[in-house]
2 protein chains.
Amino acid sequence: MKISTRSRYGSRLMLELALNYGKGPVFLRDIAKNEEISEKYLSQIVIPLKAKGLITSFRGMNGGYVLAKSPSQINLREIVELLEGGLELLGCIGNSSTCSRVAICVTRDIWDLVGKKIAQILESVTLEDLIKSHNLKNEEAMIYSI
Amino acid sequence: MKISTRSRYGSRLMLELALNYGKGPVFLRDIAKNEEISEKYLSQIVIPLKAKGLITSFRGMNGGYVLAKSPSQINLREIVELLEGGLELLGCIGNSSTCSRVAICVTRDIWDLVGKKIAQILESVTLEDLIKSHNLKNEEAMIYSI
DNA sequence: ATAATTACTACTAATATGATAGGATTAGTA
DNA sequence: TACTAATCCTATCATATTAGTAGTAATTAT
């Protein structure tokens, strides 16, 4: 039960955009460099994010990406649910026809609950929260480096 | 972010043993039949469960498996953590040397938190709880089938 | 024009997962 | 002792998923 690199990279990409919110579009190239992620791979991750309206893109020279909403209006659940392809921990939760034992299965109920809890936690964290944590971490790093 | 079949099968196997607690060892063959799971596959899942001391096995004719502790003393976290190979949602949480960005990475903190919450929830559910839910579900099923 | 960017499509390599196969070992029973 | 039914052990296989690459087309500021 690990989260995919897609989700992780996607979250980091979104944080990067959040940090640049209001400063005009950001090149994928720069994000890729900052975050040490393959630009080509990021260019795939960006597609669903755009399709869902979380980011806006500008093509051509001086193009790039911007957050479609303010950082406080985007939470981690939206991002992760999208890139992970749902937050259900079992196939039979979204689609109960995948297993004939749904009516009997007790463990399924537990996993349903856990999945909903995860969604709750992720929903409670906005990109703005991440920015704050990020700034805090950077200050700490500054202090330690003196 | 799905849970593996190993964990799911393992949980169901453990519930099956819990339902037979105090009635002597159960054959893998019977569990496999009841739960509609390949016996050979179950025989692999059983190994770590035994190694961790959650179940005891008896070899030879009239052998089988029993819970090593009472159902109230075994919780889902133990089972899932074992079969899933840890409850960390990221490799860099257990082993921080896998990523050079640990000190900067904000999203990692979130995933750390989520993982701990999952562990909490799973820890709060014992096999005894599952037995109760199971009996309840069976009663319901009886009523509906009249 | 041209240069720099996103958009699109296909492919590949590596890894993990789920499952199977077959025999070795153990122990109860006749 | 021979037989049988169970666990134990090791290897293998097939499939799916994941992570990542490659190349080209479309778009737009200069």
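A, B, ... follow the sequence lines: proteins, then strands. Residue 1 opens every chain. Values in this document were obtained by computation on a predicted structure and should not be read as measured data.
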*Just jot down the side-chain contact (heavy atoms from CB on, under 4.5 Å) partners of B/Tyr9, sequence neighbours excluded, or say none.*
B/Thr5, B/Arg12, B/Ile37, B/Tyr41, B/Leu42, B/Ile45
*asked:* Going by side-chain contact (heavy atoms from CB on, under 4.5 Å), name the residues that satisfy it together with B/Leu67, two or more places apart in sequence or in a different chain.
replied: B/Met14, B/Leu17, B/Ala18, B/Tyr21, B/Ile55, B/Pro71, B/Ile74, B/Leu127
*Atom pair CG (B/Asn75) and CD (B/Glu81), whose distance is rounded to the nearest 0.5 Å*: 9.5 Å
*asked:* Give the residues of residues 6-22 of chain A touching DNA chain D, defined as any heavy atom closer than 4.0 Å, sorted by residue number.
replied: A/Arg6, A/Tyr9
_Close residues, residues 42-54 of chain B, relative to DNA chain D [heavy-atom separation under 4.0 Å]_ = B/Gln44, B/Lys50
*Within the structure, does a side-chain N or O atom of A/Tyr41 lie under 4.0 Å from either OP1 or OP2 of D/dA22?*
no
*What residues form a salt bridge (Lys or Arg N to Asp or Glu O under 4.0 Å) with A/Lys137, not counting sequence neighbours?*
B/Asp109
*State, yes or no, whether a side-chain contact exists between B/Leu83 and B/Ser4 at a heavy-atom distance under 4.5 Å.*
no
*Residues from residues 76-84 of chain B lying under 4.0 Å of DNA chain D - heavy atoms*: none
*Heavy-atom side-chain contact between A/Trp111 and B/Leu122 under 4.5 Å*: yes
*asked:* Give the residues of residues 55-63 of chain A touching DNA chain D, defined as any heavy atom closer than 4.0 Å, sorted by residue number.
replied: A/Arg59, A/Gly60, A/Met61, A/Asn62
*Between the side chain of A/Glu39 and the main-chain N/O of A/Leu28, is any donor-acceptor distance below 3.5 Å?*
no
*Any side-chain heavy-atom pair from A/Met1 and B/Met1 closer than 4.5 angstrom?*
yes
*asked:* Within the 4.5 Å heavy-atom criterion, are A/Leu89 and A/Ile118 side-chain neighbours or not?
replied: yes
*Grab the two heavy atoms, one from B/His134 and one from A/Val106, that are nearest each other, plus how far apart they are.*
CA-CG2, 3.5 Å
_Are the side chains of B/Asp112 and B/Lys116 in contact, using a 4.5 Å heavy-atom criterion?_
yes
_Those residues that, when tested against B/Glu123, pass salt bridge (Lys or Arg N to Asp or Glu O under 4.0 Å) (two or more places apart)_ = B/Arg77
*asked:* Determine whether a donor-acceptor pair (N or O, by modelled atom type, separation under 3.5 Å) exists between the side chain of B/Asp129 and the backbone of B/Thr126.
replied: yes
*Does any residue of residues 24-40 of chain A have a heavy atom under 4.0 Å from DNA chain D, and if so, which ones, in number order?*
A/Ser38, A/Lys40
*For DNA chain C, what residues of residues 101-108 of chain A have any heavy atom nearer than 4.0 Å?*
none
*Pairing residues for A/Lys69 by the salt bridge (Lys or Arg N to Asp or Glu O under 4.0 Å) criterion, not counting sequence neighbours*: A/Glu78
*asked:* Going by the rule salt bridge (Lys or Arg N to Asp or Glu O under 4.0 Å), which residues pair with B/Arg59 if we only count those two or more places apart in sequence or in a different chain?
replied: none
*asked:* Could you check whether atom NZ of B/Lys2 has more than 12 heavy atoms from other residues, nucleotides or ligands sitting under 6.0 Å from it?
replied: yes
*Would you say A/Arg29 has more than 12 foreign heavy atoms packed within less than 6.0 Å of its CZ?*
no
*If C/dA30 has a Watson-Crick or G-U wobble mate with both distances under 3.5 Å, name it; if not, just say none.*
D/dT1
